[in-house]
Amino acid sequence: MLQLSVIREQREGVISALKKRRIPNIEQTIDQVLTLDQDRRRTQQEHDELLAESNRIAREIGELMKSGRKEEAEARRARTSDLKQRVAALSDTLTRTANSLQQLLYQIPNAPHNDVPDGAGPDDNVVVHQRGSIPELPGTAVPHWDLIKQYDIIDFDLGVKLTGAGFPVYKGKGAKLQRALINFFLDAAAKKGYAEIQPPILVNEASGYGTGQLPDKEGQMYRVDADNLYLIPTAEVPITNLYRDVILTERDLPIRNAGYTPCFRREAGSWGAHVRGLNRLHQFDKVEIVHITRPEDSYKEHEEMVAHAESLLDALELPYRRVLLCGGDMGFNAAKCYDLEVFAAAQKRWLEVSSVSNFETFQANRLKLRYKDGKGKTQLLHTLNGSALALPRVVAALLENNQGPKGIRIPAALVPYTGFDIIERNG
RNA sequence: GGAGAGAUGCCGGAGCGGUCGAACGGGGCGGUCUCGAAAACCGUUGUCCGAGCAAUCGGACCGAGGGUUCGAAUCCCUCUCUCUCCGCCA
């Protein structure tokens, strides 16, 4: 959530930034925050003064009792009951006001960075650049959902049998390809100096709140009711929550973690016409990178993260473009976000395979993730994360773009990992 | 699943209902000594909220939430979590 101090000190800036998200009535919401904040502070002042008084009397009673002056102690005792009632009432108001303030803050998304274009939706996103060459496929080329059947490498029907729609079964070279991509991505991250993390894929409620999946995206996560745990929708959740309630020192920074996990998303209500095959799944594999940096370093690191994700697509010889998301298309937590989209040549569609975001202090504020700066002052850090990369759509593009008369060609960079350079037709 | 124990500061660990933000030890940081280091010695070492330009002052926090009391880390209740033993088991 946004920092109250920032809203207080830069009201206009916050409002104009949030307007890029095209949120209706944002001024009113922000002013409501400021009013509640004022109320809260006024109440606290009054509350603290009364408590101080009451603490003072209690101390005096203690001393009087000790020196045996019972009557004087009794006299003071009588004075406290009225004080107590007033403190209780104020304390009640204080909690209520603080709660309303908190609730309101939870509902306000992050303020977009200066670079973020104003816009309502995907059409207002800006293509930063496009790389790689788009293959010319023959007329006989087919989308990946046909290829996986022809080559018998991914089976959706079996997944339905075991679990349900959106839980594919990877078979033979299809399964090997998954494993190869995961290892390739992890090795690439290790070469860039990332520390590898293998986190739990079930997390508790506190972790869900820490990275902002809760409360707003409750319905998008699978919940294990018996134990009140959630299946992670992304490794971002456990890997970032590693640093919940942590105060780092400057020497620890920057932190660069990478981790592979399966990801689980209910995707309630988001199945549409274009959602076929690997384009959207309930369970998928992803290597995630997470950076934690000093505020002044985060945008430099953000660029490095996207560049790293792009280098993976370069190595896989996939055509892609980098898209700077506009205010209206950006996730709730992000201040700035790039998407990487690969071109799946048979579908003739751009598919998002990575989303790299700088959250600035938005997550850190909830996580209470801070560091001591050079002057010994404790302040919030910046958190960033990105996919590097999510597998299914990479696989979709690999299959579609590399299909040929002999089979599906595996890009050279991946061959050491797969152990084969082509997926041939069975029989 | 059964039985028991516990939750205190960066860690270990003490804590009669008042003077406890908390003894003591370790660690960290700064310093003295040293060519340097170790050792020794000295000092220092929490977070959040509020007021203030600041020094500083007030309030809160000893797993979480309630209660008793003029006063709770200390007493009572509820919840959560952790550990140990037994059972089961990759």
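Here is how names work: the chains are called A, B, and so on, in the same order as the sequence lines, proteins then strands, and each is numbered from 1.
In this structure, CD of Glu74(A) is placed 14 Å from P of U69(B), rounded to the nearest angstrom. Atom pair Leu94(A):CG and G59(B):P shows a separation of 15 Å (rounding to whole Å applied). At whole-Å resolution of the value, CG in Asp48(A) and C1' in C61(B) are 13 Å apart. Between Gln379(A) atom CD and C48(B) atom C1' the separation is 16 Å, expressed in whole Å. Taking atom CG of Leu248(A) as the reference point, atom C1' of C10(B) lies 13 Å away to the nearest angstrom. In this entry the distance linking CZ of Arg59(A) with P of C20(B) reads 11 Å, nearest Å. Per the geometry, CD belonging to Glu60(A) stands 16 Å off P belonging to C70(B), to the nearest Å. The distance between atom CD of Glu46(A) and atom P of A51(B), rounded to the nearest whole Å, is 14 Å.
When only modelled atom types and interatomic distance are considered, Arg96(A) and Asn99(A) share no side-chain donor-acceptor pair under 3.5 Å. For Lys176(A) and Thr418(A), the side-chain atoms include no donor-acceptor pair closer than 3.5 Å. Judged by distance alone, the side chains of Gln178(A) and Asp285(A) do bring a donor and an acceptor atom under 3.5 Å apart. A donor-acceptor contact closer than 3.5 angstrom is absent between the side chains of Glu236(A) and Thr211(A). Side chains of Gln347(A) and Asn279(A): a donor-acceptor N/O pair is present below 3.5 angstrom, by distance only. With hydrogens and angles left out, the side-chain atoms of Asn125(A) and Asp329(A) include a donor and acceptor closer than 3.5 Å.
In this model, the phosphate group of C29(B) is not approached by any side-chain N or O of Lys372(A) to a distance below 4.0 Å at OP1 or OP2. Listed pair Asn55(A) / A60(B) meets the phosphate criterion, a side-chain N or O lying under 4.0 Å from OP1 or OP2. For Lys70(A), no side-chain nitrogen or oxygen approaches OP1 or OP2 of C70(B) to under 4.0 Å.
In a base pair of the Watson-Crick type (N1 to N3 plus N6-O4 or O6-N4) or a G-U wobble (N1-O2 and O6-N3), with each distance short of 3.5 Å, G46(B) is matched with C61(B). Across all strands shown, C16(B) forms no Watson-Crick or G-U wobble pair with both distances under 3.5 Å. Nucleotide C10(B) is matched to G26(B) when pairs are restricted to Watson-Crick or G-U wobble geometry with both distances under 3.5 angstrom. Nucleotide U82(B) forms a Watson-Crick or G-U wobble pair with A5(B), both donor-acceptor distances falling under 3.5 Å. A 3.5 Å limit on both hydrogen-bonding distances identifies no Watson-Crick or G-U partner for U74(B). When both distances must be under 3.5 Å, the Watson-Crick or G-U wobble mate of U68(B) does not exist.
To the nearest whole angstrom, the two C1' atoms, one in G87(B) and one in U8(B), are 34 Å apart. Between A22(B) and G28(B), the two P atoms lie 23 Å apart (nearest whole Å). Here the separation of G63(B) from A5(B), taken at their C1' atoms, is 16 Å to the nearest Å. As rounded to the nearest Å, G25(B) and C41(B) have P atoms that lie 11 Å from one another. Between the C1' atoms of G46(B) and C29(B), the separation comes to 14 Å (whole Å). Taking atom C1' in both G27(B) and C81(B), the straight-line distance is 26 Å, to the nearest Å. A64(B) and A54(B) have their C1' atoms separated by 37 Å, given to the nearest Å. Going from the P atom of G12(B) to that of G4(B) covers 26 Å, rounded to whole Å.
Mapped onto RNA chain B by nearest heavy atom, His47(A) and Ser54(A) fall at different nucleotides, with His47(A) at the one closer to the 5' end. Both Glu53(A) and Thr80(A) lie near RNA chain B, and the one whose nearest nucleotide falls closer to the 5' end is Glu53(A).
A cation-pi contact, defined as under 6.0 Å to the ring centre and within 45° of the axis, links Arg425(A) to Tyr151(A).
No engagement by Arg79(A) is indicated, since no non-hydrogen atom pair under 4.0 Å with the nucleic acid exists. Contacts of Leu83(A) with the nucleic acid, taken as non-hydrogen atoms under 4.0 Å apart, are absent. Using a 4.0 Å heavy-atom criterion, one finds that Ile61(A) contacts the bases of the nucleic acid, with or without backbone contacts as well. Within the nucleic acid shown, Arg41(A) comes within 4.0 Å of sugar-phosphate atoms alone, with no base atom in reach, counting heavy atoms only. Among the protein residues, Thr378(A) comes within range of the sugar-phosphate backbone only, with heavy atoms under 4.0 Å from sugar or phosphate atoms but none that close to a base. Using a 4.0 Å heavy-atom criterion, one finds that Gln45(A) contacts the sugar-phosphate atoms exclusively.
Nearest nucleotide to the side chain of Met65(A), out of G18(B), G46(B), G59(B): G18(B). Distances from the side chain of Ala58(A) to the nucleotides U69(B), G18(B), G59(B) place G18(B) closest. The Arg8(A) side chain lies nearest to G50(B) when the options are U47(B), C70(B), G50(B). Listed candidates were G58(B), C48(B), U69(B). Nearest to the side chain of Arg370(A) is C48(B). The side chain of Gln44(A) has C49(B) as its nearest neighbour among G46(B), G59(B), C49(B). Residue Arg40(A) places its side chain closer to C49(B) than to any other of C49(B), U47(B), U69(B).
Look at Lys173(A) and Glu424(A) and you find a salt bridge, because one of the NZ, NE, NH1 or NH2 atoms lies within 4.0 Å of a carboxylate O, short of that distance.
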